[in-house]
Amino acid sequence: QVQLVESGGGLVQAGGSLRLSCAASGRTCSVDYIGYAFGWHRQAPGQERILIVKISWSGGNTFYADSVKGRITIPKDNSKNTVHLQMNSLKPEDTAVYYCSTGAGWAYWGQGTQVSVSS
């Protein structure tokens, strides 16, 4: 099993920035973990959970949802089994619970961290 723990959420004013972190532990040397992409998803109140950014294991390929493109980056450190989500120019509509995930078919999920953006 691989465990993921997010941190860094909180309350921020519109236009501000937040940096979320996702730390992996457990079987991080296993085939269940090595080579898989990391993703950050978010779920706003009353809405479905959606993928907002994805980065390949090597870091060479990324996907950004249109809603966040240009405002976020996803720094990744394989040596520390950590991936971050740097969010800038935050908007009230970014308010959601943010989750990181990895593994085949997003098999592993963190517990989520709340991000609230006030207008």
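Just so we're clear, the structure is a prediction, and the values are computed from it rather than from any experiment.
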Practice problem: Of all the heavy-atom pairs spanning L18 and V115, show the shortest one and how long it is. | Solution: CD1-CG1, 3.7 Å

Quiz item: Heavy-atom distance under 4.5 Å between the side chains of S30 and Q1, does that happen here?
Solution: no

Exercise. Please answer whether the main-chain N or O of S116 pairs with a side-chain N or O of T95 as donor and acceptor at a distance below 3.5 Å.
Key: no

Self-check item: Under 3.5 Å: donor-acceptor pair, side chain of T113, backbone of G9
Solution: yes

Self-check item: K54 atom NZ, over 12 foreign heavy atoms within 6.0 Å
Solution: no

Quiz item: Given the rule that I, L, V, M, F, W and Y join up when any side-chain heavy atoms are under 4.5 Å apart, are W40 and L51 in one cluster?
Solution: no

Self-check item: Closest non-hydrogen atom pair between L20 and Y98, with its separation
Solution: CD1-CB, 3.6 Å

Practice problem: Please answer whether the main-chain N or O of A37 pairs with a side-chain N or O of T102 as donor and acceptor at a distance below 3.5 Å. | Solution: yes

Self-check item: Test item: T82 side-chain N/O and D77 main-chain N/O as donor-acceptor pair under 3.5 Å
Solution: no

Quiz item: Taking Q3 for the side chain and A24 for the main chain, is one N or O donor matched with an acceptor at less than 3.5 Å?
Solution: no

Quiz item: Which of parallel (below 30°), tilted (30 to 60°) and perpendicular (above 60°) describes H41 and W109?
Solution: tilted

Quiz item: Is there a path from I74 to L4 through hydrophobic residues (I, L, V, M, F, W, Y) whose side chains come within less than 4.5 Å of each other?
Solution: yes

Quiz item: To the nearest 0.5 Å, what is the distance between CZ (R27) and CD1 (I34)?
Solution: 10.5 Å

Practice problem: Determine whether the side chains of N88 and S17 contain a donor N or O and an acceptor N or O closer than 3.5 Å. | Solution: yes

Exercise. Ignoring hydrogens and angles, tell me if any N or O in the side chain of Q43 forms a donor-acceptor pair with the backbone of I50 under 3.5 Å.
Key: no

Quiz item: Which heavy-atom pair separates S67 from R42 by the least distance, and what is that distance?
Solution: OG-NH2, 3.6 Å

Quiz item: Below 4.0 angstrom, N of the basic side chain to O of the carboxylate: do D94 and K91 qualify?
Solution: no

Quiz item: Only one of Y64, F38, F63 clears side chain to side chain contact (heavy atoms under 4.5 Å, CB included) with V53; which?
Solution: Y64

Self-check item: Smallest separation among heavy atoms of H84 and S21, with atom names
Solution: ND1-OG, 2.8 Å

Practice problem: Spell out, as yes or no, whether a donor-acceptor pair under 3.5 Å connects the side chain of S58 to the backbone of G60. | Solution: yes

Quiz prompt | With V68, the side chain to side chain contact (heavy atoms under 4.5 Å, CB included) member among T73, I52, L85 | solution = I52

Exercise. To the nearest 0.5 Å, tell me how far I72 CD1 sits from S89 OG.
Key: 11.5 Å

Self-check item: Whether E6 side chain and C100 backbone form a donor-acceptor pair below 3.5 Å
Solution: yes

Exercise. Would you name the heavy atoms of W106 and S101 that are closest together and state the gap between them?
Key: CE3-OG, 3.0 Å

Quiz item: Donor-acceptor pair, T28 side chain versus S25 backbone, under 3.5 Å?
Solution: no

Quiz prompt | Shortest non-hydrogen contact from Y99 toward R49 | solution = CZ-NH2, 3.4 Å

